2 protein chains.
Amino acid sequence: MDERKKQILKAIVDDYVETAEPVGSKSLVDRHKLKYSSATIRHEMAELEEMGYLEKPHTSAGRMPSDRGYRAYVDNMLSLPEISPQEASGIRDFLLKNLDEARELIERAAEYLAGKTNYLSVALSPQYSDSSLEQIKIMMIEPGRAIVVLVLSAGVVHDRLIRIPAMIDEKQLDSIGRAVERCLAGKKLDDITLVTISSAAGETGLPEALVNQVLYEAYVAIKQTEKIEIFMDGRHHLLKQPEFRNVDRANRFYRAVHQEQMVAGYMMEMRQEQEERQAEGCDWNLDCLEAVESGEESALSVQRTKPSYMVRIGQEIALDGMEDMSFITTTYRIGRQISGQIGVIGPKRMQYGRIISQISFVNKALMEAAGEHYGHPDSNDGSSGQKEGKTEE
Amino acid sequence: MDERKKQILKAIVDDYVETAEPVGSKSLVDRHKLKYSSATIRHEMAELEEMGYLEKPHTSAGRMPSDRGYRAYVDNMLSLPEISPQEASGIRDFLLKNLDEARELIERAAEYLAGKTNYLSVALSPQYSDSSLEQIKIMMIEPGRAIVVLVLSAGVVHDRLIRIPAMIDEKQLDSIGRAVERCLAGKKLDDITLVTISSAAGETGLPEALVNQVLYEAYVAIKQTEKIEIFMDGRHHLLKQPEFRNVDRANRFYRAVHQEQMVAGYMMEMRQEQEERQAEGCDWNLDCLEAVESGEESALSVQRTKPSYMVRIGQEIALDGMEDMSFITTTYRIGRQISGQIGVIGPKRMQYGRIISQISFVNKALMEAAGEHYGHPDSNDGSSGQKEGKTEE
DNA sequence: TATTGGCACTCGACGCGTTCGAGTGCTAAT
DNA sequence: ATTAGCACTCGAACGCGTCGAGTGCCAATA
């Protein structure tokens, strides 16, 4: 594709994104002060259409980008605007003010993103499978009930109520707890199985029948920790989009979005793929992001992992009802072992540059905020930085 | 209003709810096999309109109910269908299967309700201000961090991470914890203030400066317990409603719904008003509900408080953007001191009878489920029944 | 050879008038 | 008090002509 075609395609995408109307050769020449006549442009547009980058809704209409057109735009002609100071200001406060738990931090990041982009934002709670278990305490609440408190490697705390045999007393419970801790401490959550944990039974000197129920409950508590939650915000923004003037479309889409587990699963797939792609090294994304990074010479230089993003356009999204949307995600990292996904769903006809900048920016702010609020200022590699938080289910 | 007018109004509401089209005299006579001619009906309709129960979109169109018409319908001519067994089946499983926390129980009840009604369901998490604090434990996680575990009267457990001065050791923390418990045990959450709690400081024999931070954090933890969460489900269903064929309306509405705190606040107001009305005894609702109750001779007879409901129609709803909707809520109770709200938002043109039945049914199932899963089978008054659960913020 | 002006053609949007039908209100007869 | 009958109203649906922004193609041009 020669330079002029690129220019034209970019112009068409930009116009179409703005107006939501098929763009014609004449108006294109006018608006962009192109130094060719509309006839030439028409010629080029016909070729671009033949190549699959453009589509016509009907014979005598202007052109609009196809999925492939958007893809080319995003891959090759994207410019990422910097976040203006007034846009950027306030996010720190927004994220950190009266903050209680890690969970809420993510929730707020999603909320902020939705507000700034006017699209639907989606975030996944952190994935802890790579974290290791540092402490586990089981404490009696009253006969028959206890609470399990888990401390993970980065200082994250989770807990969960469990039922235990009523005849177990505080001392016994304590010894079971210590046995479990000896047996599991330092292990990665992923590697903990029912088999691993039941090897603690022998150490207690208590009747197996008693111990086993507690062990099982403790096991469940540990596994609950790995459950991933999904947060969404800004669903209502999309109704303003002209593509949803057609209510049936909106309907289809919102039904799809309502399948939160599907969406979450898909985001994890995207992450997977992004990581694979990065591993292969063929990652043009990095270049783009470099630009953003250098825009603000930030305190985040400690973070080794570069933020990067992934874009899925239209049919590329393997979720029913999302054919007319685009889905942009990125991975946030808190310390070394904790990470999750955050992203935006909007119409295909999206301001890709602006949105990607926003996502990268929020992502960065999120990581900074996590470090700032929960971290130790003197330990910068992240893995020993503290991160407070709990979730439970 | 004479009997015939009532009959006609009811017929009009029923027809309009079904078809969403203004209903005319002729079709009304046909569909309901009325023994008067259309001219007579026309006469009556004109009068009903004059009385404010009906409206015409334009001169030569049929009539549709006004807010006042719906109100009369709901107040005087409502019939509450029984829940059919196949509709009812599965709710127990749905609510209880793999249930972890109280919070999730409410969430599921809302989900179920949304699914069955095809409208938007809303639920508030339980309000604990009336509960009293039974136990409070503060336990060290690591230097500088601890976890506060609160056990409320009905056996509900909440917890929260706090920061403490790093020099406090496990023993000291323990003694602070016990002092706080001595000082607060048995008090209603509502009655606990910073003043009450700081009276514990003297008992510990530790430097005030050290103790005070812990006390403050414990106080915050207690207050967090009273925060009310809101759950919604089924937003997407409403898009199917013909009233939302107009996207701008949908837009306005969804923006309103997005103000979750507003909605939650409004639900609490409604509850307030309902309680006042019940106290006055002038409660026609009870009669209606009696019918539903007797429909299923249920295990819930232990519950002394009768379920009842509250309906707000159109303009009656004091929330911007909800003028075309109706809002039905009811109060669920778990034991004596714990209660919250659950309800449905749908178009004014709503199957009131069916929806109210559904809400009452779900409410009952919710209370049963709470009793069954968390309660002691042998203590039925609820207040001593156990209720497991935690939330944290 | 790449570019351009010119021209015929296409098609949706818009405005306008007509028809159709389901509704109304009013009146006179039962 | 009820009803049949009649004139009237108004939105929905339809057909039709016009307008304009778009197209493709072709012959002329730099």
Side-chain angles (χ1 to χ4, degrees), chain A residues 1-9 11-16 18-66 69 242-243 245-246 349, chain B residues 1-9 11-16 18-66 69 242-243 245-246 349:
Chain A
M1 182 149 68
D2 63 40
E3 208 39 57
R4 191 171 67 185
K5 280 207 179 53
K6 271 195 193 177
Q7 195 191 351
I8 292 173
L9 179 54
I12 291 176
V13 172
D14 285 339
D15 275 19
Y16 185 70
E18 191 179 330
T19 63
E21 298 292 329
V23 354
S25 51
K26 181 119 189 307
S27 69
L28 197 70
V29 172
D30 291 353
R31 296 192 49 160
H32 295 266
K33 304 192 207 92
L34 300 181
K35 44 191 201 308
Y36 302 97
S37 80
S38 64
T40 313
I41 302 300
R42 238 164 10 240
H43 216 76
E44 293 282 47
M45 283 167 93
E47 277 177 52
L48 279 168
E49 184 177 354
E50 201 162 355
M51 294 159 77
Y53 295 111
L54 296 179
E55 290 171 351
K56 272 191 298 192
H58 57 89
T59 30
S60 76
R63 307 294 209 296
M64 48 201 269
S66 64
E243 11 278 289
R245 203 62 60 76
N246 175 346
R349 193 186 55 75
Chain B
M1 184 149 71
D2 62 40
E3 208 39 56
R4 192 171 67 184
K5 279 206 180 53
K6 270 194 193 177
Q7 195 193 348
I8 291 173
L9 179 54
I12 292 175
V13 172
D14 285 339
D15 274 19
Y16 185 70
E18 190 180 328
T19 64
E21 299 290 330
V23 354
S25 50
K26 182 120 187 307
S27 69
L28 196 69
V29 173
D30 291 352
R31 295 194 48 163
H32 295 265
K33 306 195 205 88
L34 300 182
K35 45 192 201 307
Y36 301 97
S37 81
S38 64
T40 313
I41 302 300
R42 230 154 30 229
H43 217 75
E44 292 283 47
M45 283 166 91
E47 278 178 51
L48 279 168
E49 182 176 356
E50 200 162 352
M51 295 160 77
Y53 295 112
L54 296 178
E55 290 172 351
K56 272 191 298 192
H58 58 87
T59 30
S60 75
R63 308 289 210 298
M64 47 201 269
S66 66
E243 11 277 290
R245 204 60 62 75
N246 175 346
R349 192 185 55 73

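Bear in mind that the values here come from a model prediction, so they are computed numbers and not experimental data.
Taking CD of A/Glu55 as the start and CZ of A/Arg63 as the end, the distance is 11.0 Å to the nearest 0.5 Å. One distance of note links CD1 of A/Ile41 with CG of A/Leu34; it measures 5.0 Å at 0.5 Å rounding.
Put simply, the side chain of B/Ser60 and the base of D/dT9 share a donor and an acceptor less than 3.5 Å apart. Side-chain atoms of A/Arg42 stay outside donor-acceptor range of the base of C/dG5, with no qualifying N/O pair under 3.5 Å.
Side-chain proximity of A/Arg4 to C/dT3, C/dG12, D/dC10: nearest is C/dT3. Checking D/dG22, D/dG24, D/dC10 against every side-chain atom of A/Glu49, the shortest atom distance belongs to D/dG24. If you check C/dG12, D/dG22, D/dG24 against the side chain of A/Lys56, the one that comes closest is D/dG24. For B/Ala39, counting side-chain heavy atoms from C-beta on, the closest listed nucleotide (D/dC10, C/dG5, D/dT3) is D/dT3. When each of D/dG24, C/dG23, D/dG22 is scored by its nearest atom to the side-chain atoms of B/Ser27, the top-ranked nucleotide is C/dG23.
Across all strands shown, B/Ala61 has heavy atoms under 4.0 Å from sugar-phosphate atoms exclusively, and none from any base. If you check every strand for non-hydrogen atoms under 4.0 Å, A/Thr40 touches a base.
Rounding to whole angstrom units, CG of residue B/Leu28 and C1' of C/dT24 are separated by 14 Å.
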key: Stepwise salt bridge (Lys or Arg N to Asp or Glu O under 4.0 Å) test for A/Glu18 and A/Arg31   = CA-CA 12 Å; A/Glu18 191 179 330; A/Arg31 296 192 49 160; 3.3 Å; yes
